[in-house]
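To start, the structure under review is shown below, and the notes come after it.
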Amino acid sequence: MLHAGSNHGSFGMKPFALVVQDATHIEQFDQVASFVGWDDSGSLGLLADHGRFMTVLSWGLARFQTMDSAWHYLALPGGLLYFAENVATISTRRFLRDDDADRISRALEEQLFIEEDNLRAMKQSLSRLEEEMFKRLWRMGRGEFA
């Protein structure tokens, strides 16, 4: 159905702004029709003129639709979502954005694998450091200073 004066798929919807920020960059989208994400209570959705709202987003994918009806995807390791005065702000350690759900899902899996590998290496390093520290303390207790 055609609507007079409408040239986009979200006729009648009012847009809001979405700001996504991490430690290294900020992206802002001014023509957002809806946002869908996850928190500990389950799935949540936001539209323009929503009341003031704050929640902690869960690790995973979120998505938002712009006024041209296109969907965009965010991969997040969790984050804080704050909505006030028609601006949704997401603050997170890091995020990935893509318009292809499959591609961003793969990127999220790769990122998770890299983070797990880095965490494993850090734990091994801390374990070796702890072991060396105990050896030195034991030697000091015996009067050996090396």
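Start at 1 with the first residue, then count along the sequence.
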State which residues pass ring-ring contact (aromatic ring centres under 6.0 Å, His included) with Phe35; sequence neighbours excluded, sorted by chain then number. none
State which residues pass ring-ring contact (aromatic ring centres under 6.0 Å, His included) with Phe53; sequence neighbours excluded, sorted by chain then number. His50
Return yes if some donor-acceptor pair links the side-chain N/O of Thr92 with the main-chain N/O of Gly78 below 3.5 Å, else return no. yes
Using a 3.5 Å distance criterion without hydrogens, assess whether the side chain of Ser105 forms a donor-acceptor pair with backbone atoms of Ala101. yes
State plainly whether the residues Glu110 and Arg106 are in salt-bridge range, i.e. N to O under 4.0 Å. no
Any carboxylate oxygen within less than 4.0 angstrom of a Lys/Arg side-chain nitrogen, looking at Arg128 and Glu132? no
Please name the pair of heavy atoms, one in [X] and one in [Y], separated by the smallest distance, quoted to 0.1 Å.
| X | Y | answer |
| --- | --- | --- |
| Trp71 | Ser34 | CH2-OG, 3.8 Å |
| Asp98 | Asp100 | OD1-N, 2.9 Å |
| Phe16 | Ala48 | CD2-N, 3.5 Å |

With a 4.5 Å limit on heavy-atom distance, are the side chains of [X] and [Y] in contact?
| X | Y | result |
| --- | --- | --- |
| Pro15 | Phe29 | no |
| Asp49 | Lys14 | yes |
| Val56 | Asp40 | no |

Nearest 0.5 Å, what's the CD-CG distance between Gln65 and Leu18? 13.0 Å
Rounded distance [0.5 Å steps], CE in Met54 versus CZ in Phe83: 13.0 Å
In Leu96, Leu57, Ile104, Ile90, the residue satisfying side chain to side chain contact (heavy atoms under 4.5 Å, CB included) with Leu74 is Ile90
Among Leu46, Thr89, Asp39, find the one that has a side chain to side chain contact (heavy atoms under 4.5 Å, CB included) with Leu81. Leu46
Is it the case that more than 12 heavy atoms not belonging to Glu85 sit under 6.0 Å from its CD atom? no
Please determine whether residues Val32 and Val87 belong to a single hydrophobic cluster, defined as Ile, Leu, Val, Met, Phe, Trp and Tyr linked transitively by side-chain heavy-atom distances below 4.5 Å. no
What residues, two or more places apart in sequence or in another chain, satisfy side-chain contact (heavy atoms from CB on, under 4.5 Å) together with Ala70? Thr66, Asp68, His72
How far apart are the C-alpha atoms of Phe95 and Gln21, what are their side-chain angles, what is the distance that settles it, and do they pass the side-chain contact (heavy atoms from CB on, under 4.5 Å) test? CA-CA 8 Å; Phe95 70 93; Gln21 58 190 11; 5.7 Å; no
